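Worksheet for the structure shown next.
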Amino acid sequence: MPEKIENLVRQALAAAQEAGALPPFELDDCGIERPADTDHGEWTSTCALRSAKLAHTAPRAIAQAIADHLPADPAIDRVEIAGPGFINFYLSVAAKNAVFAQVRAEGFDFARSNVGAGQLCQVEFVSANPVGPMHVGHGRWAALGDSLCRVMEHAGYRIEREFYINDHGSQMDVFGRSLSVRYLQLIALMRERGIDLAAAHAVLEEDRGNYADDEDGAHPELHPFQDAFNETLGGNAYGGGYIIDEAAHIVEVDGDRWESVPEEERVAAFRESGYRRMLEDIRTTCADANCTFDVWFSERTLYERDETGTNAVERAFEALREMGYLYEREGALWFRSTDLGDDKDRVLVKANGEYTYFASDVAYHWNKFQRVEHVIDIWGADHHGYIKRVECVCDALGYPGRFEVLLGQLVNLLRSGKPVRMSKRRGTMITFRELLDEVGADATRYTLIRRSSNQMIDFDIDAVKERSNDNPVYYVQYAHARICSILRRVAGVTADQAEALGMDEVARRAVGADADLALLTDSTELALARKLGELTELIASCARDRAPFRLTHYAEELAGLFHAFYHDCQVLPSEGRPLDAELSRARLAACDAVRIALALVLSLVGVSAPQQM
RNA sequence: GCGGCAUUAGCUCAGCUGGAUAGAGCGUUUGACUACGAAUCAAAAGGUCGUAGGUUCGAAUCCUACAUGCCGCACCA
């Protein structure tokens with residue numbers, strides 16, 4: 001429709017200039033917009049305001065000249081000049097309501113667009129280290145990344161979802177060593193005290209709890225195991241309770257057979273088995289949050305040598321070296337990122353010969369651009385300072401403007417308004433898994449996606465758990481379920497039968513063919529049509545701006561308009577309240593279109609659309 | 001010190017490339033089912049858009065400075 005209006009405006013402008021009513025000037029943008037106020041019509045053009053200076057003519061005069069020369073069109077009821085020079089277009093009822101039929105015909109293909117123009121875009125997100133469970137921040141990136149991917153796909157991008165596994169750095173060894181120490185502690189406890197695994201596990205847990213409570217270290221006798229653990233690992237340890245759980249798992253499966261093998265061998269074995277289990281935990285947690293990936297990219301592969309005897313990191317360094325971006329100083333290898341606008345140069349290989357994390361990222365991002373046209377990385381806001389150097393690498397390697405970072409601000413967990421203390425020492429971290437289990441995947445995801453990504457989230461666990469209308473996710477789902485219930489009733493099927501048939505078939509039976517949409521003239525009905533008509537542009541803009549959170553606001557508005565409509569307009573005849581059969585069918589068609597749009601938006605958000613609640 | 005994000009109603013936040021009288025939810029107050037799902041709807045009250053300048057037909061939106069809060073500024077990952 002906006003294209004059509006634009007076309008008409010251009011024709012009218014040309015005709016007005018031809019007739020001498022307006023001086024000749026070029027108009028680059030007709031400014032076709034939706035007025036905020038419904039009294040101002042369905043569409044408006046601000047072209048008269050924009051071109052006043054170019055035309056040396058008052059905006060209202062320009063608007064009048066254009067309106068006078070507009071070609072007649074059956075879809076347009078009337079045109080009015082308003083305010084400083086807006087040209088407002090009022091559509092016919094038939095044109096306004098056509099969207100109901102369109103939604104029903106297109107189903108989940110409704111509101112597709114091609115703003116992505118088929119561009120192959122990789123979105124990398126979550127990428128939690130495989131040495132522990134996902135935290136709530138990771139959950140936010142999961143919701144944000146997955147929803148963004150869905151929206152961009154609907155808007156014509158080709159999307160690849162990628163998870164980067166940091167399985168190479170020294171944290172992997174720390175992880176293995178932490179497991180090893182806990183394992184030996186468990187074995188020793190069982191043997192020396194003659195207790196079983198569960199009891200030994202409990203001893204270590206209590207010891208760890210005592211350590212957490214003893215913040216000033218006044219009672220070392222209460223936590224000898226935690227102190228020994230910290231001492232053995234030189235302060236470089238993973239102290240979380242899950243490490244004890246994992247060590248206990250090894251004891252359970254393998255008994256004490258690792259006690260006698262050389263330490264390095266044991267650490268390596270635990271590191272690898274623990275890594276696989278942690279990664280599996282992350283994978284299933286993401287899946288339970290309705291979030292999946294196409295590619296799980298292992299950092300280690302960047303260090304595997306190919307037939308030429310080199311690896312991806314070395315090849316990336318070589319490419320940078322040839323372009324003169326590398327140099328050595330004080331025994332380290334540096335990337336001259338200041339040439340590309342960074343504050344300081346960055347180390348790739350440390351003086352002790354180890355690679356930095358950044359070294360991997362150089363090779364990794366080079367690798368990405370060999371696979372896709374555009375890259376979006378979703379990072380936590382605390383990684384803000386890292387953007388510039390990666391951007392410099394992408395520029396240096398010849399891919400300027402094709403690398404993009406979406407920063408997500410952090411999540412504050414609350415319980416009934418009071419902040420939940422997140423302390424590593426105290427071990428009071430709430431994991432994303434625990435959050436999902438406690439409040440449910442739908443409410444969790446909806447709440448995490450509802451805010452703009454650069455807005456901090458206060459996630460009140462008790463409020464989000466509440467199954468009430470305080471909670472927008474249930475408000476939206478309720479509207480969907482309510483419509484499904486109406487359609488089932490008319491089609492004469494039970495909820496179970498509807499599940500089996502699918503709601504599209506139920507709706508077909510309920511509405512029948514060719515409902516007369518021109519009968520829908522109530523203000524609440526027209527408001528629904530107008531809202532449905534906004535969805536295509538909304539999804540396009542969410543994709544363009546990488547802002548899927550706007551979908552939730554739309555869903556709430558649409559659900560609200562539906563509830564208002566349902567309150568004002570009788571849909572089904574009932575005892576003592578007869579209703580024209582054709583009007584009933586038309587209203588059912590409108591309900592069905594809303595049902596489809598709600599389900600579509602919820603699916604883009606990654607939340608279910610239940611048929612009953 | 002440098003950089004990023006934030007600052008809009010009592011609270012939590014929308015406000016898309018500058019557009020017409022700045023919106024929603026919650027909370028408060030008051031109403032609406034012998035009709036289809038009341039997990040619903042309707043109405044009222046509530047704002048010098050952090051401050052001060054600037055840009056123009058027009059600014060919550062763009063520019064500059066300042067203030068306040070959060071987060072970063074490693075040869076850690």
Side-chain angles (χ1 to χ4, degrees), chain A residues 29 31 33 35-37 39-40 44 46 49-50 52-53 58-59 82-86 88 129 131 166 168-172 174 236 299 329-334 343-344 346-358 360-361 380-388 407 409-410 412 417 450-458 460 463 466-472 474-475 477-479 481-486 489-490 524 537-538 540-542 544-545 547 549-550 552-553 556-557 559-560 562-577 579 584 587 591 612-613:
Chain A
D29 186 352
E33 298 166 14
D37 188 335
D39 289 343
H40 294 135
T44 191
T46 56
L49 297 161
R50 291 161 188 266
K53 192 174 272 182
F86 295 99
N88 294 335
N129 284 346
V131 295
N166 299 126
H168 181 262
S170 57
Q171 88 277 2
M172 293 301 291
V174 173
N236 200 2
E299 182 182 4
R329 193 179 76 203
E330 294 158 9
L333 181 67
W334 296 72
D343 299 339
K344 52 180 103 165
R346 306 292 173 177
V347 172
L348 292 166
V349 182
K350 300 184 246 179
N352 66 7
E354 287 175 12
Y355 288 77
T356 61
Y357 183 74
F358 182 51
S360 295
D361 260 340
D382 51 344
H383 285 65
H384 151 73
Y386 204 75
I387 297 176
K388 189 67 192 177
L407 284 183
Q409 296 293 322
L410 305 177
N412 295 320
R450 192 159 179 257
R451 293 271 177 264
S452 156
S453 60
N454 47 22
Q455 188 78 241
M456 266 193 319
I457 294 180
D458 285 332
D460 193 315
E466 191 86 9
R467 293 184 71 84
S468 74
N469 58 352
D470 283 4
N471 201 340
Y474 296 124
Y475 179 81
Q477 288 184 326
Y478 176 72
R482 199 178 191 187
I483 297 171
C484 290
S485 166
I486 297 161
R489 170 187 277 256
V490 179
T524 59
E537 175 51 31
L538 175 78
S541 83
C542 288
R544 233 188 335 252
D545 301 340
F549 78 95
R550 285 186 207 138
T552 61
H553 299 291
E556 289 158 35
E557 287 160 10
F562 172 75
H563 288 310
F565 151 76
Y566 195 70
H567 189 265
D568 287 0
C569 297
Q570 185 183 2
V571 175
L572 304 181
S574 62
E575 213 170 322
R577 295 251 314 178
L579 181 68
S584 175
R587 286 179 171 165
C591 289
Q612 55 183 330
M613 293 173 73

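Lettering of chains follows the sequences in order, A, B, ..., and the numbering in each one begins at 1. Keep in mind that this is a model prediction, so the values were computed, not measured.
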Separation of [N] [atom2] from [X] [atom1] (nearest whole Å):
X: Q409(A); N: C5(B); atom1: CD; atom2: P; answer: 9 Å
X: L407(A); N: C5(B); atom1: CG; atom2: P; answer: 9 Å
X: L410(A); N: C70(B); atom1: CG; atom2: P; answer: 13 Å

Problem - Listed partners of R550(A) passing salt bridge (Lys or Arg N to Asp or Glu O under 4.0 Å), at least two apart - result: D545(A)
Fill in the blank from the handout: By salt bridge (Lys or Arg N to Asp or Glu O under 4.0 Å), R489(A) pairs with (sequence neighbours left out) none
In whole Å, what separates the [atom1] atom of [N] from that of [M]?
N: G53(B); M: A9(B); atom1: C1'; result: 27 Å
N: C33(B); M: A22(B); atom1: C1'; result: 35 Å
N: C57(B); M: U51(B); atom1: C1'; result: 27 Å
N: G25(B); M: A65(B); atom1: C1'; result: 36 Å
N: U55(B); M: C63(B); atom1: P; result: 15 Å
N: U61(B); M: A6(B); atom1: C1'; result: 15 Å
N: G58(B); M: C11(B); atom1: C1'; result: 33 Å
N: U7(B); M: U21(B); atom1: C1'; result: 25 Å

Which residues satisfy the side chain to side chain donor-acceptor pair (under 3.5 Å) test with [X], sequence neighbours excluded?
X: Y566(A); answer: none
X: H40(A); answer: none
X: D568(A); answer: none

Handout entry: T44(A) vs A564(A), nearer the 5' end of RNA chain B by closest nucleotide
Key = T44(A)
Problem - G169(A) or N88(A), whichever maps to the more 5' nucleotide of RNA chain B - result: N88(A)
Practice task
Could you say whether the aromatic ring of F86(A) and the base of A20(B) stack, counting only centre distances under 5.5 Å and plane angles under 30°?
Solution key: yes
Problem - Pi stacking test for H40(A) and A20(B): under 5.5 Å apart, planes under 30° - result: yes
Check: protein-nucleotides 73-75 of chain B nitrogen or oxygen pairs below 3.5 Å:
unit_1, atom_1, unit_2, atom_2, d
C75(B), O2, A351(A), N, 2.7
C75(B), N4, E330(A), OE1, 2.9

Anything under 3.5 Å between a protein N or O and an N or O of nucleotides 7-12 of chain B, put it in a table, one pair a line.
unit_1, atom_1, unit_2, atom_2, d
U12(B), O2', R451(A), NH2, 2.8

All ring pair (Phe, Tyr, Trp, His ring centres under 6.0 Å) counterparts of [X], not counting sequence neighbours:
X: H168(A); answer: Y303(A)
X: F358(A); answer: none
X: H383(A); answer: none

So do the side chains of [X] and [Y] get within less than 4.5 Å of each other, counting heavy atoms only?
X: T552(A); Y: P472(A); value: no
X: I457(A); Y: Q409(A); value: no
X: R587(A); Y: L579(A); value: yes
X: M172(A); Y: E299(A); value: no
X: I387(A); Y: L407(A); value: yes
X: T46(A); Y: F86(A); value: yes
X: F562(A); Y: R482(A); value: yes

Problem - Under 3.5 Å donor-acceptor, D460(A) side chain and G417(A) backbone - result: yes
Any base atoms under 4.0 Å from [X], or only sugar-phosphate, or nothing? Heavy atoms, all strands.
X: A82(A); answer: base
X: N412(A); answer: nothing
X: H563(A); answer: sugar-phosphate
X: S360(A); answer: nothing
X: Y386(A); answer: base

Exercise for the section: Starting from Watson-Crick (N1-N3 plus N6-O4 or O6-N4) and G-U wobble pairs under 3.5 Å, report the runs of at least three that RNA chain B belongs to. Expected result: B:1-7 with B:67-73, B:10-13 with B:23-26, B:28-32 with B:40-44, B:50-54 with B:62-66
Practice task
State whether N454(A) places a side-chain N or O below 4.0 Å from either non-bridging phosphate oxygen (OP1 or OP2) of A6(B).
Solution key: yes
Completion exercise
Per-nt protein contacts along nucleotides 32-38 of chain B (heavy atom under 4.0 Å; B base, S backbone sugar-phosphate only, - none) come out as ---BBBS
Practice task
Mark yes or no for a side-chain to base donor-acceptor pair under 3.5 Å between D361(A) and A77(B), with no hydrogen or angle criteria applied.
Solution key: no
